[in-house]
Colleague: 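Mind looking over this structure? Questions follow.
Each chain gets a letter, A, B and so on, in the order the sequences are listed, and its residues count up from 1.
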Number of protein chains: 2
Amino acid sequence: MAERPGPQGGHGLLYLTDEQLRKGIEAMFFAYRGFTSAPDRILEEQDYGRAHHRALHFIQRSPGTTVGNLLDILGVTKQSLNRVLRKLMEDGLVEARVGREDRRERHLHLTDKGKVLEKLLADAQRDRMRAAYRAAGPQAVAGFRQVLEAMMDPEMRRHFDGDDKAGSR
Amino acid sequence: MAERPGPQGGHGLLYLTDEQLRKGIEAMFFAYRGFTSAPDRILEEQDYGRAHHRALHFIQRSPGTTVGNLLDILGVTKQSLNRVLRKLMEDGLVEARVGREDRRERHLHLTDKGKVLEKLLADAQRDRMRAAYRAAGPQAVAGFRQVLEAMMDPEMRRHFDGDDKAGSR
DNA sequence: CTTGGAATGTCAACGACGCTGACGTATCTT
DNA sequence: AAGATACGTCAGCGTCGTTGACATTCCAAG
C-alpha cells in the first residue's frame with residue numbers, strides 16, 4: 001500500500017513541504033470546528049457539552065459497554081467521566097445495569113429518551129459530514145479516511161479498526 | 001487496505017451510508033486527538049494550553065495581524081483571547097505594536113523567544129502530520145484536504161483559502 | 001469642543017470539563 | 001484471608017470558554 005513516489009527530484013513530494021503541512025494543520029483546525037458546531041448548538045440549549053455527546057455516541061455505538069471501556073476510549077479520568085455519566089443517568093438518558101458475569105461492572109445503555117437526543121445529535125453531525133462527503137466525492141473520502149487513520153495514536157486505532165458494525169457479539 | 005469486498009448494490013453512494021458517516025465521525029474524533037497530542041505534551045510542561053498554541057500559530061502565520069482579526073479567526077471572545085495574549089506578552093513571547101495608520105489597533109508579532117516556542121510546537125505537529133501524509137500518499141492527502149475544506153464553515157473557509165503564501169517557492 | 005462609534009483592554013463572576021489525590025464499597029481472584 | 005479490580009465520590013484545582021459592565025484611546029462628524 002501507499003506506493004511511494006521515488007526520488008524524482010522536483011515535485012514528487014510537494015505535499016510534504018512545510019507549507020503544505022501547515023495548510024493541513026489549519027485545515028484540521030477549521031474543519032474540526034465545523035465538524036462540532038452543529039451538535040454544539042443543540043447541546044448548548046440543553047445544558048450539555050461535548051463530553052456528554054461523546055458519551056452518548058460511544059454508548060450508542062456499543063450498547064452494554066462498561067465504564068472502564070468508555071474510560072479507555074475517551075481517554076479521560078474516571079472522575080471526569082463520572083460527572084458526565086451521573087448527570088446523564090439523573091436525567092434519564094443513560095442506564096447502568098450491573099454485570100451478570102462480573103457484578104462489579106456497570107453496563108451502559110441508552111434509554112429511549114437518550115436515544116432520541118443521541119439521534120438528534122448524530123443526525124446533525126451526519127448532515128454536515130454527508131454534505132462534505134458529497135461535495136468531495138468518494139475518492140476524496142477514501143483519502144480522507146486514510147490520512148485520519150494514519151494520524152491516530154496506535155492505541156486509538158485499535159478502538160477504531162475492527163468495529164465494522166457486523167452486529168457481532 | 002480496502003477491506004471492503006462489499007456486494008454493493010451497484011450505486012456508488014456506499015460512502016454516504018449512516019454507518020460510513022459514523023466511521024468518519026469517529027475517525028475525526030480519534031485523529032484530532034492524535035493531531036493535538038504532540039503539541040499538548042510540550043505545552044503542558046510550560047504552563048500553556050492549546051489556546052496559546054493557536055495564538056502563536058496564527059501570529060506566526062500572519063505577522064502584524066490585529067487583535068480583532070485574531071478574534072475573528074479563532075472564534076472566541078476578546079476576554080478569552082486577552083487572557084491568553086496578556087500572558088504571552090508578559091512572558092515575552094508576543095509583542096503588540098500600536099498601529100501606524102490606526103493607532104487603536106495593536107499589531108501582533110512574535111518575539112525571538114516566541115518564535116522558538118512556536119517552531120518547537122509546529123515541528124512536533126508537522127512531524128505527526130508528515131508521518132500521516134507519507135503513510136497515506138499524495139492522492140489520499142488531496143482527498144483529505146478536499147473533505148476538510150468542504151467541512152468548514154464558509155466564513156472559516158474565507159480565512160483558509162487564499163493564504164497560499166503565493167509567489168513563494 | 002463635544003459627541004459618538006470603533007478597537008481594545010480590564011474586572012468580576014461563572015460554567016464545562018479536564019486533572020490529581022484520597023477514600024469507600026462491592027466483588028472477583030488467589 | 002489477602003489482594004486486585006471496577007466503580008463511585010468528595011475535595012480541590014486549572015484552563016479556557018462564556019456574559020456583563022466599564023474605561024480608555026483614537027477617529028470622525030456635528
Side-chain angles (χ1 to χ4, degrees), chain A residues 29 32-33 36-37 39-59 64-91 94-109, chain B residues 29 32-33 36-37 39-59 64-91 94-109:
Chain A
F29 170 67
Y32 198 78
R33 284 250 298 276
T36 55
S37 60
D40 280 354
R41 273 191 295 273
I42 295 170
L43 290 158
E44 172 182 39
E45 298 166 5
Q46 333 215 354
D47 249 44
Y48 293 123
R50 257 179 229 178
H52 301 86
H53 182 191
R54 291 195 282 263
L56 290 175
H57 174 98
F58 284 105
I59 295 170
T65 190
T66 63
V67 174
N69 188 30
L70 212 48
L71 284 175
D72 202 26
I73 289 177
L74 296 177
V76 299
T77 58
K78 63 176 177 177
Q79 294 90 330
S80 205
L81 176 58
N82 189 256
R83 189 197 296 133
V84 168
L85 284 181
R86 199 189 319 161
K87 177 159 191 207
L88 289 174
M89 290 192 281
E90 280 170 3
D91 293 358
V94 166
E95 190 179 34
R97 302 179 193 156
V98 172
R100 282 185 321 222
E101 313 223 326
D102 187 336
R103 292 176 47 82
R104 290 171 304 182
E105 294 179 341
R106 298 295 128 86
H107 296 270
L108 302 168
H109 298 265
Chain B
F29 171 67
Y32 198 78
R33 285 249 298 274
T36 55
S37 60
D40 281 354
R41 272 192 296 273
I42 296 170
L43 291 159
E44 172 182 39
E45 298 166 5
Q46 333 214 354
D47 250 45
Y48 294 123
R50 256 179 230 180
H52 302 86
H53 182 190
R54 290 195 283 265
L56 290 174
H57 174 97
F58 284 105
I59 294 171
T65 190
T66 63
V67 174
N69 188 31
L70 212 48
L71 284 175
D72 203 25
I73 289 177
L74 297 176
V76 299
T77 58
K78 63 178 177 175
Q79 293 88 334
S80 203
L81 176 58
N82 188 255
R83 189 200 295 132
V84 168
L85 285 180
R86 198 188 323 157
K87 178 160 191 207
L88 290 174
M89 289 192 283
E90 281 170 2
D91 293 358
V94 167
E95 189 179 34
R97 302 178 193 159
V98 173
R100 282 187 318 225
E101 314 225 324
D102 185 338
R103 293 174 48 83
R104 290 168 302 184
E105 293 179 343
R106 302 294 185 277
H107 296 271
L108 303 168
H109 298 264

Colleague: Given atom CD of B:Glu45 and atom P of D:dG14, what is their separation to the nearest angstrom?
Modeller: 19 Å

Colleague: Would you check if B:Thr65 and B:His107 make a side-chain contact, meaning some heavy-atom pair closer than 4.5 Å?
Modeller: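 No - every pair of side-chain heavy atoms lies 4.5 Å or more apart.
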
Colleague: If I take atom NE2 in residue A:His53 and atom P in nucleotide C:dC17, what distance separates them, rounded to the nearest angstrom?
Modeller: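 That distance rounds to 12 Å.
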
Colleague: Nearest-Å distance, CE (A:Met89) to P (D:dC7)?
Modeller: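 Value for this atom pair: 11 Å.
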
Colleague: Which nucleotide sits closest to the side chain of B:Arg83: C:dA6, D:dG17, C:dG18?
Modeller: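 Taking heavy atoms from C-beta onward, the closest nucleotide is D:dG17.
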
Colleague: Once you round it to whole Å, what is the distance between P of D:dT15 and CG of B:Asp40?
Modeller: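 Roughly 14 Å, once rounded to whole Å.
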
Colleague: Please determine, by modelled atom types, if B:Arg106 and B:Thr66 share a side-chain donor-acceptor pair under 3.5 angstrom.
Modeller: no

Colleague: Nearest to the side chain of A:Thr77 - C:dC28, C:dT20, C:dT8?
Modeller: C:dT20

Colleague: Whole angstrom is fine here: how far is it from CD in B:Glu44 over to P in D:dC13?
Modeller: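 It is 20 Å, rounded to the nearest whole Å.
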
Colleague: Where the side chain of B:Gln79 is defined as all heavy atoms beyond and including C-beta, which of C:dA12, D:dC16, C:dC19 is the nearest nucleotide?
Modeller: C:dA12

Colleague: Classify the angle between the aromatic ring planes of B:Phe58 and A:Phe29 as parallel (below 30°), tilted (30 to 60°) or perpendicular (above 60°).
Modeller: tilted

Colleague: Can you tell me whether the side chain of B:Arg104 and the base of D:dT25 have a donor-acceptor pair closer than 3.5 Å?
Modeller: no

Colleague: Classify the nucleic acid contact of A:Glu101 as base, sugar-phosphate or nothing, counting any heavy atom under 4.0 Å across all strands shown.
Modeller: sugar-phosphate

Colleague: Among the candidates D:dC7, D:dC26, D:dA21, find the nucleotide nearest to the side-chain atoms of A:Lys78.
Modeller: D:dC7

Colleague: Counting C-beta onward and ignoring hydrogens, is there a side-chain heavy-atom pair between B:Tyr48 and B:Asp91 closer than 4.5 Å?
Modeller: yes

Colleague: Might you work through the side chain to side chain contact (heavy atoms under 4.5 Å, CB included) test for A:Asn69 and A:Ile73, ending with a clear yes or no?
Modeller: CA-CA 6 Å; A:Asn69 188 30; A:Ile73 289 177; 4.3 Å; yes

Colleague: For A:Glu90 and D:dG8, what is the distance between atoms CD and P respectively, to the nearest whole Å?
Modeller: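 The distance from CD of A:Glu90 to P of D:dG8 comes to 13 Å, rounded to the nearest Å.
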
Colleague: Any side-chain N or O of A:His52 less than 4.0 Å from the OP1 or OP2 oxygen of C:dA16?
Modeller: no

Colleague: Between B:Arg86 and C:dT10, is there a contact of a side-chain N or O with OP1 or OP2 at under 4.0 Å?
Modeller: yes

Colleague: Quickly work out the A:Leu70 CG to C:dG18 P distance and round it to whole Å.
Modeller: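 One finds 12 Å between P of C:dG18 and CG of A:Leu70, rounded.
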
Colleague: Ion pair present between B:Arg103 and B:Glu105, side-chain N to carboxylate O less than 4.0 angstrom?
Modeller: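 No salt bridge links B:Arg103 with B:Glu105.
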
Colleague: What nucleic acid atoms does A:Asp47 come within less than 4.0 Å of, heavy atoms only: base, sugar-phosphate, or nothing?
Modeller: sugar-phosphate

Colleague: Counting side-chain heavy atoms from CB outward, which of D:dC16, D:dG8, C:dG9 is closest to B:Asn82?
Modeller: C:dG9

Colleague: Whole Å only: how far is the NZ atom of A:Lys87 from the P atom of C:dG15?
Modeller: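 Nearest whole value for this atom pair: 11 Å.
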
Colleague: Among the nucleotides C:dC28, C:dG9, D:dC16, which one has an atom lying closest to any side-chain atom of A:Asp102?
Modeller: C:dC28

Colleague: How do A:Gly49 and B:Ala96 order along DNA chain C: which one's closest nucleotide is nearer the 5' end?
Modeller: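 Taking each residue's closest nucleotide, the earlier one in sequence belongs to B:Ala96.
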
Colleague: Verify the contact: side-chain N or O of A:Arg103 to OP1 or OP2 of C:dA26, cut-off strictly under 4.0 Å; return yes or no.
Modeller: no

